[in-house]
Structures are given as structure tokens and as C-alpha cells.
Trainee: 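Just passing along the structure, written as C-alpha cells.
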Protein chains: 2
Amino acid sequence: MAIISKSSEYGLRAALYIAARPVGDYVSIGEMSQKLGISFHFLTKILQKLTQGGLLKSRRGAKGGIALAKPADTISLLDIVENVDGADLFGGCILGLVGCGVKRPCPLHQHWSRERTRIEAMFRKMTLQRLACETARNQLRLAD
Amino acid sequence: MAIISKSSEYGLRAALYIAARPVGDYVSIGEMSQKLGISFHFLTKILQKLTQGGLLKSRRGAKGGIALAKPADTISLLDIVENVDGADLFGGCILGLVGCGVKRPCPLHQHWSRERTRIEAMFRKMTLQRLACETARNQLRLAD
DNA sequence: TCCAATTAAGACAATGATGTCTTATATTAG
DNA sequence: CTAATATAAGACATCATTGTCTTAATTGGA
């Protein structure tokens, strides 16, 4: 079981790829598809979602592509994952019980909610700006 | 995206259900299926896996059922989830990159591995004994 | 104007997880 | 021995995710 969906993985990698480029650059999906090793059409659909969600913006036609819709330091990984996979990242009960919460907790509720809060905080404070920076500085990779 | 599979959820809930019963009791799958609101045949398959994995033991025929194969304080939630979902709980790269690790890390590797370690530790130190205890003491629930 | 490049949109296929059903086998009680 | 009660095993159906393909719409440049 992966922690986030393939779609989110692809969305994050593409967003980081764009963030690594000069501000305002429109990057074509074809280029990202090649460089990141992701199916072109599948990536297109994911980026469309992020565009409709207001995190990215697109331009059709020659010299078109995808760009960040906002400054890179205002887009968090949480923004992206929630936009792709739907809100509340790991919101649900870890045992799958409906209505699990402080009022009617499952046996794992308090233990898990502590961890979940940490993960969410991590995703929230990781911005494209910060990660793109670290990625460049340490020469990290976005593809296999 | 759930954190563990439905199969693991069901396996955990059933194991906790058994752990709440007197030591050595064989609990029928039919009873658990009803009380936990889980499909009988599906639950059967999951419990078979746990039985083959040596965490539970089964007895066929009248008065048969499923029991813990070891003392409840020697079975952790990690044991169960790994037996059902496969090893390395959240082992993979969060961005899905193959070969991601300290040698060739992805941009999120170090940030995520810190969290992953904590989660794994939590799952490892949570035993059926301890959780069944807390569950009884605080009258927690295993079903909707 | 026309062509090439590019995203938009949606139909469709492949895959894996989840859930259902049927038959076989083992165990206990009478 | 027989009947009732259980698990074992595996075929099959359903569903969501992932991936592919085709057609339409838009843009910039020759």
C-alpha cells in the first residue's frame, strides 16, 4: 500500500519539475512526460486537475505548456495531494470505521491521530519553493 | 487514499476481536463477520492468510474457529499488517521512485523517512494485548 | 492564411483490490 | 454412522485506479 496515489506522485513530481524552471516558464507536458517517464495522456489529466484547482495554469498551442499559477513558496505539497486525491489526506479512521473521532474513537484513534497530524504538518510546510531549492542544491532526482 | 488496505483493516479488527476474548478461545468467523460487519467469505480469506503466516491458528468443524497462535503481547499490529499487505509497510519511496534511498534519494526521502520510521515504530510497539486492554478499559468499538 | 505544436476532453482498456459464491474437507455431538 | 457446524480453497463478479487512444480546440509563427 503506497502512502499516496500514483496520480499524486505524478502530480508532485511534475510540479517540482516546473518549480525548478525559471519563474513564469511554461513547460510542455510532452517534455515532462519524457523526462519523468510518465504516460503523456495520464499526466495531462492530472495536470488538468491541478490547473482547474488553481495551483497551475496552462496555455494551449505553440509555446504553450504548464506553469505555476502562484509563487512557488505559496504552494505546498499538501495543496497538491489534496487537490489530486481529494481533501483530508489521511483523514479517515485507520481501521475504516465511519464516525471515528474523539467522541466515538476506535482503539487506534488517539495513537494514529498523533502521527497523522505530524505527517499533515510536514506536507503543509513543504513548499515547492523549498523542495525545488533543496533538489537543485543537492542534485536530487525526480525520475528513476 | 487510506493508509492501509481494507484487508489489513479487517485483519486488525478481527485480531483485536479475538484478543478481547478469553485466552485460547476459538472464535468462529461467522460470529466475527456478523459483529464486525465484514463479508464472511472475504474475512475468511484474510484470516487464512494470517493463519498461514503463523499469527493465528484455526480449527475446523463444530466448535471450530480462529484463535491467536501466540500470546497477545507477542503479536504487534505491524506483524498483522505486514502479513496481510506484504512486508515493508510504507517501505517504498513516497514519490514512487525505484531505488530511492540514502544513496540516491528523491527530494522527499529524508523528510518522509523520518515520519515513516515513527509510524512503523508505533505499529511495532502496539501489541494485541495492549490494544485489547485499552479497548476494554475505555469501552472502545471495533465496528461502525 | 495555413501549418505545426500544444492542451482539453472524454471514450475505452487493463489491472488490482474488493466482494460473492460454490464445493470440498474436517470436527464434534448424538 | 450420520448430521450439523466450521474452515479451506478457488472460481467468479464488481469496482476504482491506472493507463491508452482519438478527436477537438487553441495558439504562435512562417
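Residue numbers begin at 1 in each chain, while the letters A, B, ... track the order of the sequences.
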Trainee: So does E31(B) have more than 12 non-hydrogen atoms from other groups sitting under 6.0 Å from CD?
Mentor: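 Atom CD in E31(B) is packed in, count exceeds 12.
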Trainee: Any side-chain N or O of S28(A) below 4.0 angstrom from OP1/OP2 of dA5(C)?
Mentor: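 Result: no.
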Trainee: Go through it in stages, so that I can follow the logic: the residues are T127(A) and I75(A), the test is side-chain contact (heavy atoms from CB on, under 4.5 Å), and I'd like the CA-CA distance, side-chain angles, deciding distance and then a yes or no.
Mentor: CA-CA 5 Å; T127(A) 63; I75(A) 303 179; over 6 Å; no
Trainee: Closest nucleotide of DNA chain C for H41(A) versus for K63(B): which of these residues is on the 5' side?
Mentor: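 Taking each residue's closest nucleotide, the earlier one in sequence belongs to H41(A).
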Trainee: Check the distance between dT6(C)'s C1' and K57(A)'s NZ and give it to me in whole angstrom.
Mentor: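 That distance rounds to 17 Å.
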Trainee: Roughly how many Å is it from CD in Q52(A) to P in dG10(C), rounded to a whole number?
Mentor: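 Roughly 9 Å, once rounded to whole Å.
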Trainee: Does T51(A) put a side-chain nitrogen or oxygen below 4.0 Å from OP1 or OP2 of dT7(C)?
Mentor: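 Indeed not, no polar side-chain atom of T51(A) lies that close.
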Trainee: Taking OP1 and OP2 of dT27(D), is either one under 4.0 Å from a side-chain nitrogen or oxygen of Y26(A)?
Mentor: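 For dT27(D), OP1/OP2 do not have a side-chain N/O of Y26(A) under 4.0 Å.
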Trainee: What is the distance from atom CD1 of I94(B) to atom SG of C106(B), rounded to the nearest 0.5 Å?
Mentor: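 Interatomic distance, I94(B) CD1 to C106(B) SG, rounded to 0.5 Å: 8.0 Å.
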Trainee: Using whole Å, what does the distance between atom C1' of nucleotide dT18(C) and atom CG of L43(B) come to?
Mentor: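 Taking CG of L43(B) and C1' of dT18(C), I get 13 Å after rounding.
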Trainee: Could you tell me how far apart F40(A) (CZ) and dT22(D) (P) are, to the nearest whole angstrom?
Mentor: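 Rounded to the whole Å, the gap is 14 Å.
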Trainee: Please evaluate the base of dT7(C) for a donor-acceptor partner in the side chain of R60(A) within a cut-off of under 3.5 Å?
Mentor: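 Answer yes: a donor N or O sits under 3.5 Å from an acceptor.
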Trainee: Has the side chain of K45(A) got a donor or acceptor atom sitting under 3.5 Å from an opposite partner on the base of dG19(D)?
Mentor: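 Yes, the side chain and the base share a sub-3.5 Å donor-acceptor pair.
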Trainee: Tell me, yes or no, whether the heavy-atom count around K125(A) atom NZ, taken from other residues, nucleotides or ligands under 6.0 Å, exceeds 12.
Mentor: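 Incorrect, the count does not exceed 12.
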